[in-house]
Amino acid sequence: MPELPEVETMRRGIARVVGARVVAVERPACKLRPIALSPARMPQWRKRLVGRAITGTSRAGKRVVIELDSGDRLIFEPRMTGLVLLADPPDIEHLRLRLELVGRGARQLLFWDRRGLGSARLVTGKEFAERYGLDKLGPDALDISAEQLRERLRASRRAIKVALLDQRALAGVGNLYASEILHLCGIHPARRCDRLTRGDWQAIVAAMHDVLATAIHFEGSTLSDGTYRNALNQAGGYQNHHRVYDRADEPCTRCRKARVVRIVQAQRSTFYCPACQKK
DNA sequence: CATATGTCCTGAGAGC
DNA sequence: TGCTCTCAGGACATAT
(Lines give C-alpha, C1' and ligand atoms only; values in the text may rest on other atoms or scores of the structure.)
Protein backbone atom coordinates (compact mmCIF):
# COMPACT_ATOMS: atom_id res chain seq x y z
CA MET A 1 0.00 0.00 0.00
CA PRO A 2 2.80 2.50 0.51
CA GLU A 3 2.06 5.44 -1.80
CA LEU A 4 3.65 8.86 -2.00
CA PRO A 5 2.87 9.97 1.59
CA GLU A 6 4.11 6.74 3.16
CA VAL A 7 7.23 6.58 1.01
CA GLU A 8 8.00 10.25 1.67
CA THR A 9 7.58 9.58 5.40
CA MET A 10 10.03 6.68 5.15
CA ARG A 11 12.49 8.88 3.30
CA ARG A 12 12.31 11.66 5.85
CA GLY A 13 12.70 9.08 8.59
CA ILE A 14 15.97 7.78 7.20
CA ALA A 15 17.38 11.17 6.11
CA ARG A 16 19.86 11.06 8.99
CA VAL A 17 21.85 8.31 7.23
CA VAL A 18 23.37 10.99 5.01
CA GLY A 19 27.06 11.20 5.86
CA ALA A 20 27.19 7.65 7.23
CA ARG A 21 29.39 4.98 5.67
CA VAL A 22 28.43 1.39 4.83
CA VAL A 23 30.62 -1.13 6.66
CA ALA A 24 28.71 -4.36 6.08
CA VAL A 25 25.89 -5.77 3.94
CA GLU A 26 23.84 -8.77 5.02
CA ARG A 27 21.07 -10.61 3.31
CA PRO A 28 19.60 -12.61 6.16
CA ALA A 29 19.29 -16.27 5.32
CA CYS A 30 15.66 -17.15 4.81
CA LYS A 31 13.50 -19.30 2.61
CA LEU A 32 11.76 -16.35 1.01
CA ARG A 33 11.63 -15.94 -2.72
CA PRO A 34 14.62 -13.82 -3.67
CA ILE A 35 12.50 -11.26 -5.48
CA ALA A 36 13.70 -8.52 -3.16
CA LEU A 37 17.33 -9.33 -3.66
CA SER A 38 19.03 -12.35 -5.14
CA PRO A 39 21.51 -14.01 -2.75
CA ALA A 40 23.75 -14.63 -5.76
CA ARG A 41 24.30 -10.92 -6.19
CA MET A 42 25.55 -10.35 -2.67
CA PRO A 43 29.28 -10.46 -3.49
CA GLN A 44 28.79 -7.76 -6.13
CA TRP A 45 26.62 -5.73 -3.80
CA ARG A 46 29.25 -5.87 -1.07
CA LYS A 47 31.93 -4.76 -3.50
CA ARG A 48 29.88 -1.77 -4.56
CA LEU A 49 28.47 -0.82 -1.16
CA VAL A 50 31.04 -1.53 1.55
CA GLY A 51 33.21 1.51 2.19
CA ARG A 52 30.88 3.86 0.36
CA ALA A 53 29.43 6.98 1.96
CA ILE A 54 25.77 7.93 1.67
CA THR A 55 25.54 11.37 0.10
CA GLY A 56 21.80 11.87 -0.08
CA THR A 57 18.29 10.44 0.02
CA SER A 58 15.44 11.14 -2.33
CA ARG A 59 12.20 9.71 -3.61
CA ALA A 60 11.30 8.54 -7.11
CA GLY A 61 7.52 8.17 -7.11
CA LYS A 62 6.85 5.36 -4.63
CA ARG A 63 10.52 4.40 -4.25
CA VAL A 64 13.11 5.46 -1.69
CA VAL A 65 16.49 6.31 -3.25
CA ILE A 66 19.81 6.15 -1.37
CA GLU A 67 22.57 8.08 -3.16
CA LEU A 68 26.16 6.89 -2.77
CA ASP A 69 29.44 8.71 -3.25
CA SER A 70 30.28 6.31 -6.10
CA GLY A 71 27.33 7.62 -8.11
CA ASP A 72 25.48 4.34 -7.59
CA ARG A 73 21.99 4.43 -6.15
CA LEU A 74 20.27 1.92 -3.90
CA ILE A 75 16.55 1.85 -4.58
CA PHE A 76 13.94 0.44 -2.24
CA GLU A 77 10.54 -0.30 -3.74
CA PRO A 78 8.13 -1.24 -0.94
CA ARG A 79 5.12 -2.12 -3.14
CA MET A 80 2.55 -3.64 -0.77
CA THR A 81 4.31 -4.51 2.47
CA GLY A 82 7.87 -3.25 2.21
CA LEU A 83 9.41 -1.04 4.87
CA VAL A 84 12.64 0.96 4.97
CA LEU A 85 13.74 1.09 8.58
CA LEU A 86 16.36 2.42 10.94
CA ALA A 87 14.67 0.74 13.90
CA ASP A 88 14.50 -3.01 14.43
CA PRO A 89 11.89 -4.63 12.14
CA PRO A 90 8.43 -5.98 13.10
CA ASP A 91 9.80 -9.51 12.80
CA ILE A 92 13.08 -11.07 11.80
CA GLU A 93 11.91 -13.67 9.26
CA HIS A 94 10.86 -11.11 6.66
CA LEU A 95 14.00 -9.02 6.87
CA ARG A 96 15.46 -8.85 3.34
CA LEU A 97 18.51 -6.65 3.62
CA ARG A 98 20.58 -5.05 6.34
CA LEU A 99 23.24 -2.39 5.82
CA GLU A 100 25.49 -1.81 8.80
CA LEU A 101 26.53 1.85 9.02
CA VAL A 102 29.05 3.95 10.90
CA GLY A 103 28.36 7.63 11.46
CA ARG A 104 26.49 9.84 13.85
CA GLY A 105 23.07 9.36 12.27
CA ALA A 106 22.28 5.66 12.33
CA ARG A 107 23.78 2.23 12.97
CA GLN A 108 21.74 0.34 10.39
CA LEU A 109 19.44 0.65 7.40
CA LEU A 110 16.99 -2.19 6.79
CA PHE A 111 14.61 -3.39 4.09
CA TRP A 112 11.81 -5.57 5.43
CA ASP A 113 8.97 -6.99 3.35
CA ARG A 114 6.42 -9.52 4.52
CA ARG A 115 4.87 -10.40 1.18
CA GLY A 116 7.96 -10.11 -0.92
CA LEU A 117 6.45 -8.14 -3.78
CA GLY A 118 8.87 -5.30 -3.14
CA SER A 119 12.47 -5.03 -4.21
CA ALA A 120 15.85 -3.55 -3.52
CA ARG A 121 17.96 -2.57 -6.52
CA LEU A 122 21.49 -1.29 -6.88
CA VAL A 123 21.91 0.76 -10.05
CA THR A 124 24.47 3.06 -11.63
CA GLY A 125 23.66 6.69 -12.27
CA LYS A 126 23.10 5.87 -15.94
CA GLU A 127 20.78 2.97 -15.17
CA PHE A 128 18.86 5.19 -12.76
CA ALA A 129 18.28 7.81 -15.45
CA GLU A 130 17.11 5.14 -17.90
CA ARG A 131 14.82 3.39 -15.50
CA TYR A 132 13.27 6.34 -13.70
CA GLY A 133 13.52 9.11 -16.32
CA LEU A 134 10.51 11.23 -17.20
CA ASP A 135 9.49 8.84 -19.97
CA LYS A 136 9.11 6.03 -17.43
CA LEU A 137 7.92 8.02 -14.44
CA GLY A 138 5.80 11.15 -14.77
CA PRO A 139 6.25 14.37 -12.76
CA ASP A 140 5.88 13.94 -9.03
CA ALA A 141 2.29 14.30 -7.82
CA LEU A 142 3.37 16.98 -5.34
CA ASP A 143 5.01 19.12 -8.02
CA ILE A 144 2.82 18.69 -11.08
CA SER A 145 0.66 21.64 -12.15
CA ALA A 146 -2.94 21.42 -13.30
CA GLU A 147 -1.91 22.42 -16.80
CA GLN A 148 0.82 19.75 -16.90
CA LEU A 149 -1.54 17.02 -15.74
CA ARG A 150 -4.25 18.12 -18.14
CA GLU A 151 -1.78 18.09 -21.01
CA ARG A 152 -0.75 14.53 -20.17
CA LEU A 153 -4.23 13.06 -19.72
CA ARG A 154 -6.71 15.22 -21.61
CA ALA A 155 -6.84 12.89 -24.63
CA SER A 156 -7.20 9.70 -22.58
CA ARG A 157 -10.48 7.83 -22.63
CA ARG A 158 -9.77 6.16 -19.32
CA ALA A 159 -11.68 6.91 -16.13
CA ILE A 160 -9.94 9.60 -14.09
CA LYS A 161 -9.48 7.27 -11.11
CA VAL A 162 -7.70 4.71 -13.30
CA ALA A 163 -5.57 7.37 -15.00
CA LEU A 164 -4.38 8.82 -11.66
CA LEU A 165 -2.78 5.43 -10.94
CA ASP A 166 -0.69 5.57 -14.14
CA GLN A 167 2.85 6.28 -12.93
CA ARG A 168 3.93 7.42 -16.41
CA ALA A 169 1.34 10.19 -16.27
CA LEU A 170 2.22 11.31 -12.75
CA ALA A 171 4.25 9.63 -10.02
CA GLY A 172 3.16 8.77 -6.52
CA VAL A 173 -0.62 8.36 -6.42
CA GLY A 174 -1.91 4.88 -5.60
CA ASN A 175 -5.26 3.26 -5.02
CA LEU A 176 -6.04 4.70 -1.61
CA TYR A 177 -5.20 8.34 -2.30
CA ALA A 178 -6.87 8.35 -5.74
CA SER A 179 -10.26 7.81 -4.06
CA GLU A 180 -9.49 10.39 -1.38
CA ILE A 181 -8.45 13.04 -3.93
CA LEU A 182 -11.55 12.62 -6.09
CA HIS A 183 -13.85 12.80 -3.09
CA LEU A 184 -12.26 16.04 -1.91
CA CYS A 185 -12.75 17.74 -5.28
CA GLY A 186 -16.19 16.22 -5.87
CA ILE A 187 -15.42 14.47 -9.14
CA HIS A 188 -16.89 11.06 -9.95
CA PRO A 189 -14.17 8.38 -10.26
CA ALA A 190 -15.63 7.03 -13.51
CA ARG A 191 -15.55 10.39 -15.34
CA ARG A 192 -13.50 10.01 -18.51
CA CYS A 193 -10.37 12.13 -18.74
CA ASP A 194 -11.38 13.49 -22.13
CA ARG A 195 -14.62 14.83 -20.65
CA LEU A 196 -12.98 16.86 -17.89
CA THR A 197 -12.86 20.66 -18.09
CA ARG A 198 -9.92 22.89 -17.32
CA GLY A 199 -11.67 23.75 -14.04
CA ASP A 200 -11.93 20.04 -13.21
CA TRP A 201 -8.20 19.56 -13.72
CA GLN A 202 -7.48 22.53 -11.47
CA ALA A 203 -9.77 21.10 -8.79
CA ILE A 204 -8.15 17.66 -9.06
CA VAL A 205 -4.62 18.97 -8.71
CA ALA A 206 -5.54 21.31 -5.84
CA ALA A 207 -7.21 18.39 -4.02
CA MET A 208 -4.25 16.12 -4.78
CA HIS A 209 -1.75 18.55 -3.29
CA ASP A 210 -4.00 19.07 -0.26
CA VAL A 211 -4.60 15.36 0.42
CA LEU A 212 -0.98 14.30 -0.10
CA ALA A 213 0.47 17.13 2.01
CA THR A 214 -1.96 16.41 4.84
CA ALA A 215 -1.25 12.68 4.66
CA ILE A 216 2.49 13.38 4.88
CA HIS A 217 1.80 15.63 7.87
CA PHE A 218 0.15 12.65 9.61
CA GLU A 219 2.95 10.31 8.47
CA GLY A 220 0.85 8.21 6.11
CA SER A 221 -1.89 5.62 6.53
CA THR A 222 -1.53 2.46 8.59
CA LEU A 223 -4.50 0.27 7.62
CA SER A 224 -6.16 -2.36 9.78
CA ASP A 225 -3.49 -4.94 8.94
CA GLY A 226 -1.01 -2.66 10.72
CA THR A 227 1.76 -3.31 8.23
CA TYR A 228 2.85 0.19 7.30
CA ARG A 229 5.28 1.81 9.76
CA ASN A 230 7.63 4.75 9.54
CA ALA A 231 11.42 4.35 9.72
CA LEU A 232 11.21 4.05 13.49
CA ASN A 233 8.58 1.29 13.27
CA GLN A 234 5.75 3.58 14.37
CA ALA A 235 2.25 3.60 12.83
CA GLY A 236 1.00 6.53 10.77
CA GLY A 237 -2.11 8.57 11.60
CA TYR A 238 -3.82 9.50 8.35
CA GLN A 239 -6.12 6.45 8.47
CA ASN A 240 -8.15 8.40 11.02
CA HIS A 241 -8.75 11.12 8.42
CA HIS A 242 -9.84 8.98 5.46
CA ARG A 243 -12.81 10.51 3.70
CA VAL A 244 -14.05 7.44 1.77
CA TYR A 245 -11.37 4.77 1.54
CA ASP A 246 -12.53 1.46 3.05
CA ARG A 247 -15.72 3.13 4.32
CA ALA A 248 -18.31 1.38 2.12
CA ASP A 249 -21.88 1.75 3.43
CA GLU A 250 -20.81 4.34 6.02
CA PRO A 251 -22.30 7.84 5.84
CA CYS A 252 -20.29 10.22 3.68
CA THR A 253 -17.93 12.30 5.81
CA ARG A 254 -18.85 15.39 3.79
CA CYS A 255 -22.63 15.38 3.24
CA ARG A 256 -23.44 13.00 6.13
CA LYS A 257 -26.44 11.75 4.18
CA ALA A 258 -25.50 9.46 1.33
CA ARG A 259 -23.58 6.29 2.04
CA VAL A 260 -20.16 5.61 0.59
CA VAL A 261 -20.22 3.22 -2.37
CA ARG A 262 -17.53 0.72 -3.36
CA ILE A 263 -17.04 -0.12 -7.02
CA VAL A 264 -14.28 -1.95 -8.87
CA GLN A 265 -12.23 -0.22 -11.58
CA ALA A 266 -9.33 -1.99 -13.28
CA GLN A 267 -9.55 -4.76 -10.66
CA ARG A 268 -9.06 -2.27 -7.83
CA SER A 269 -11.52 -0.97 -5.24
CA THR A 270 -12.76 2.58 -5.64
CA PHE A 271 -14.76 4.37 -2.95
CA TYR A 272 -16.89 7.46 -3.55
CA CYS A 273 -19.99 9.35 -2.41
CA PRO A 274 -22.82 9.21 -4.99
CA ALA A 275 -24.23 12.51 -3.71
CA CYS A 276 -21.01 14.54 -3.54
CA GLN A 277 -19.45 13.09 -6.70
CA LYS A 278 -22.01 13.31 -9.50
CA LYS A 279 -21.11 11.81 -12.84
C1' DC B 1 0.00 3.40 -30.39
C1' DA B 2 -3.57 3.09 -26.11
C1' DT B 3 -5.87 0.34 -23.07
C1' DA B 4 -7.02 -4.00 -20.60
C1' DT B 5 -5.90 -8.10 -18.15
C1' DG B 6 -2.98 -11.58 -15.69
C1' DT B 7 0.73 -12.38 -12.40
C1' DC B 8 3.42 -12.35 -8.25
C1' DC B 9 3.01 -12.74 -2.84
C1' DT B 10 1.21 -13.65 2.44
C1' DG B 11 -1.76 -13.31 6.14
C1' DA B 12 -6.23 -11.57 7.79
C1' DG B 13 -10.86 -12.49 7.88
C1' DA B 14 -15.11 -14.77 6.22
C1' DG B 15 -17.83 -18.69 6.06
C1' DC B 16 -18.94 -23.33 7.04
C1' DT C 1 -12.55 -24.94 17.00
C1' DG C 2 -10.16 -25.47 12.61
C1' DC C 3 -10.30 -25.87 7.99
C1' DT C 4 -10.60 -23.72 3.10
C1' DC C 5 -11.29 -19.89 0.39
C1' DT C 6 -11.08 -15.00 -1.05
C1' DC C 7 -9.09 -10.71 -1.07
C1' DA C 8 -5.88 -6.71 -0.57
C1' DG C 9 -2.93 -3.68 -4.72
C1' DG C 10 2.15 -2.16 -5.86
C1' DA C 11 4.69 -2.65 -10.97
C1' DC C 12 5.33 -5.04 -14.88
C1' DA C 13 4.55 -8.59 -18.68
C1' DT C 14 1.59 -9.90 -22.01
C1' DA C 15 -2.71 -9.58 -24.70
C1' DT C 16 -6.10 -7.09 -27.35
Side-chain angles (χ1 to χ4, degrees), chain A residues 1-11 30-38 59-65 75-84 89-96 111-121 123 127-128 130-133 135-138 140-141 151-182 189-195 212 215 220-229 235-236 239 242 244-249 262-271:
Chain A
M1 184 275 315
E3 305 180 25
L4 188 152
E6 290 76 28
V7 177
E8 178 60 20
T9 301
M10 291 179 198
R11 188 204 67 78
C30 58
K31 285 182 285 187
L32 298 167
R33 271 178 93 249
I35 182 169
L37 170 61
S38 161
R59 181 175 55 76
K62 301 173 193 170
R63 301 166 181 89
V64 174
V65 180
I75 299 167
F76 295 114
E77 187 175 296
R79 297 228 191 161
M80 292 303 292
T81 54
L83 299 177
V84 182
D91 64 48
I92 210 70
E93 65 260 35
H94 299 101
L95 182 60
R96 310 283 175 152
F111 185 63
W112 178 93
D113 185 3
R114 185 195 293 135
R115 278 165 66 177
L117 294 176
S119 68
R121 286 198 153 87
V123 299
E127 288 166 340
F128 180 81
E130 286 166 2
R131 190 175 261 275
Y132 305 107
D135 51 331
K136 296 278 170 59
L137 208 56
D140 194 78
E151 209 44 59
R152 299 177 81 92
L153 291 176
R154 61 182 296 194
S156 174
R157 288 169 301 187
R158 288 175 295 176
I160 180 61
K161 154 64 163 49
V162 175
L164 286 175
L165 302 181
D166 182 350
Q167 302 300 298
R168 287 164 307 187
L170 78 167
V173 175
N175 199 54
L176 188 162
Y177 291 101
S179 285
E180 295 294 307
I181 289 162
L182 292 173
R191 282 275 298 281
R192 280 170 51 154
C193 290
D194 58 0
R195 306 264 170 85
L212 296 177
S221 301
T222 298
L223 302 183
S224 54
D225 69 0
T227 301
Y228 167 70
R229 322 296 279 186
Q239 65 281 1
H242 287 174
V244 285
Y245 185 79
D246 207 16
R247 302 181 75 102
D249 302 326
R262 173 186 179 271
I263 59 173
V264 173
Q265 295 179 285
Q267 288 84 240
R268 265 83 180 137
S269 299
T270 299
F271 300 88

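Throughout, protein chains are lettered first and strands after them, A, B, ... in sequence-line order, and every chain is numbered starting at 1. On a predicted model such as this, the values are computed, not experimentally measured, just so you know.
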Go nucleotide by nucleotide along DNA chain B from the 5' end; which of A:S156 and A:S224 gets its closest nucleotide reached first? A:S156
Would you name the heavy atoms of A:D113 and A:G118 that are closest together and state the gap between them? OD2-N, 2.8 Å
May I ask you to say what A:R192 touches in the nucleic acid, namely base, sugar-phosphate or nothing, with a heavy-atom cut-off under 4.0 Å? nothing
Going by atom types only, do A:T227 and A:R114 share a side-chain donor-acceptor pair under 3.5 Å? yes
With each end axis built from five pairs of C1' atoms, what bend angle do you get for the helix from B:dA2-C:dT16 to B:dC16-C:dG2? Round to 10°. 50°
Treat primed atoms plus P, OP1 and OP2 as sugar-phosphate and everything else as base, then score nucleotides 10-16 of chain C 5' to 3': B for base contact with protein heavy atoms under 4.0 Å, S for sugar-phosphate contact only, - for none. BBS----
Send over the distance from A:Q267 CD to B:dA4 C1', rounded to a whole Å. 8 Å
Nearest-nucleotide pick for A:R157, side chain only, options being B:dT10, B:dT3, C:dA8: B:dT3
Ignoring backbone atoms, test whether A:R262 places a side-chain nitrogen or oxygen under 4.0 Å from the OP1 or OP2 oxygen of C:dA8. yes
Is the number of heavy atoms from other residues, nucleotides or ligands under 6.0 Å of A:R192 CZ greater than 12? yes
To the nearest angstrom, the CD-P distance between A:E180 and C:dG9 comes to 13 Å
For A:Y245, which contact category applies under a 4.0 Å heavy-atom criterion: base, sugar-phosphate, or nothing? sugar-phosphate
Interatomic distance where CZ belongs to A:R168 and P belongs to B:dA4 [whole Å]: 12 Å
Whole-Å gap separating C1' (C:dT6) and CZ (A:R115): 12 Å
For A:W112 and A:P89, the nearest pair of non-hydrogen atoms, with its separation, is CD1-CB, 3.5 Å
Heavy atoms only, 4.0 Å cut-off, all strands: where does A:T81 land among base, sugar-phosphate and nothing? nothing
What is the distance, to the nearest angstrom, from the CG atom on A:D166 to the C1' atom on C:dG9? 15 Å
From CG of A:D225 across to C1' of C:dT6 the rounded distance in Å is 16 Å
Where A:R121 and A:S119 come nearest, the two heavy atoms and their spacing: NH1-OG, 3.6 Å
Can you name the residues that form a salt bridge (charged side-chain N to carboxylate O under 4.0 Å, His left out) with A:D140, not counting sequence neighbours? A:R59
Check whether any side-chain N or O of A:R158 sits under 4.0 Å from OP1 or OP2 of B:dT3, and answer yes or no. yes
Would you say the side chains of A:Y177 and A:E6 form a donor-acceptor pair under 3.5 Å? yes
Could you state the atom-to-atom distance from CG of A:D91 to P of B:dA12 in whole Å? 11 Å
Atom pair distance, as rounded to whole Å: CG in A:D246 and C1' in B:dA12: 13 Å
Side-chain N,O (A:H94) to OP1/OP2 (B:dG11) below 4.0 Å: yes
Only residue of A:Q265, A:K161, A:R268 satisfying side-chain hydrogen bond (donor to acceptor under 3.5 Å, both in side chains) with A:N175 is A:K161
For A:R131 and A:K136, which heavy atoms make the closest approach, and how far apart are they? O-CB, 3.3 Å
Where A:L4 and A:A141 come nearest, the two heavy atoms and their spacing: CD1-CB, 4.0 Å
